[in-house]
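Remarks on the structure that follows.
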Amino acid sequence: MNALTEYGKILRHYRIDNQILLADMAKTLGISPAYLSSIETGSRAVPADLTEKVVDMYRFDEEMRTRLMKAEADTNKSLTIDLRDASPEAVDATVMFAREIRNLSVQEVRDLYNKMHGIRNM
């Protein structure tokens with residue numbers, strides 16, 4: 001990586017605009033200041049649960065949450081999903097989705113996103 005990412009820019013701007021010290025944000029998020037700094041500068045990938053922690057801890061509105069999630073997706077080109085407690089059906093669906101995502105049209109992906117977004121907000 002080693003290049004500023006949109007995710008890092010958003011996080012840093014939020015932190016600075018709200019006068020939050022790097023060490024304080026890192027402590028709130030349960031990571032080291034050095035690790036947070038490396039995420040902000042783009043030298044480390046965004047950990048799987050960081051975005052949700054940021055959104056929850058700092059009460060981001062839906063627009064800011066969406067911006068941060070999109071930036072995370074643009075920054076991280078791979079992800080790890082913990083399926084230890086998932087049902088066999090959920091595991092099968094996740095694996096199938098991961099294999100087929102590249103074959104879906106933009107509209108199909110949008111439809112899936114909107115459906116999942118609607119379920120999440122119920």
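Since we're looking at a predicted model, the values are computed, not measured.
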Working for side-chain contact (heavy atoms from CB on, under 4.5 Å), residues E108 and N103: CA-CA 10 Å; E108 288 170 321; N103 298 326; over 6 Å; no
Report yes or no: do I101 and I81 belong to one cluster of Ile/Leu/Val/Met/Phe/Trp/Tyr joined by side chain heavy-atom distances under 4.5 Å? no
Distance (rounded to the nearest 0.5 Å) between K70 NZ and T75 OG1: 9.5 Å
Would you indicate whether the side-chain heavy atoms of M25 and Y58 approach each other to under 4.5 Å? yes
Considering residues, nucleotides and ligands other than E63, do more than 12 of their heavy atoms fall under 6.0 Å from its CD? no
Do R110 and V106 make a side-chain contact, defined as non-hydrogen atoms from C-beta onward lying under 4.5 Å apart? yes
Side-chain contact, heavy-atom cut-off 4.5 Å: M69 with V55? no
Looking at every non-hydrogen atom in both residues, tell me the closest pair between V91 and A86 and how far apart they are. CG2-CB, 4.0 Å
Is it the case that one hydrophobic cluster holds both I20 and I16, taking links as side-chain heavy atoms less than 4.5 Å apart, direct or via other members? no
Between H117 and Y113, what is the ring plane arrangement, given parallel below 30°, perpendicular above 60°, and tilted in between? parallel
Ignoring hydrogens and angles, tell me if any N or O in the side chain of S43 forms a donor-acceptor pair with the backbone of S38 under 3.5 Å. yes
Less than 4.5 Å apart, any side-chain heavy atom of F97 and any of L104? yes
Side chain proximity check, D74 to T5, heavy atoms < 4.5 angstrom: no
For residues 10-23, the side-chain hydrogen bond (donor to acceptor under 3.5 Å, both in side chains) pairs (sequence neighbours left out) are R12-E40, R15-E40
Heavy-atom closest contact (A23 atom, P33 atom, distance): CA-CG, 4.0 Å
Please list, chain by chain and in numerical order, all residues satisfying side-chain contact (heavy atoms from CB on, under 4.5 Å) with P47, sequence neighbours excluded. Y35, I39, D49, L50
Backbone of D24 reached by a side-chain donor or acceptor of T28 within 3.5 Å: yes
Linking I/L/V/M/F/W/Y whenever their side-chain heavy atoms sit closer than 4.5 Å, directly or via other members, would M57 and L36 fall into one cluster? yes
Looking at every heavy atom in both L29 and K53, which two are closest together, and how far apart are they? O-NZ, 3.4 Å
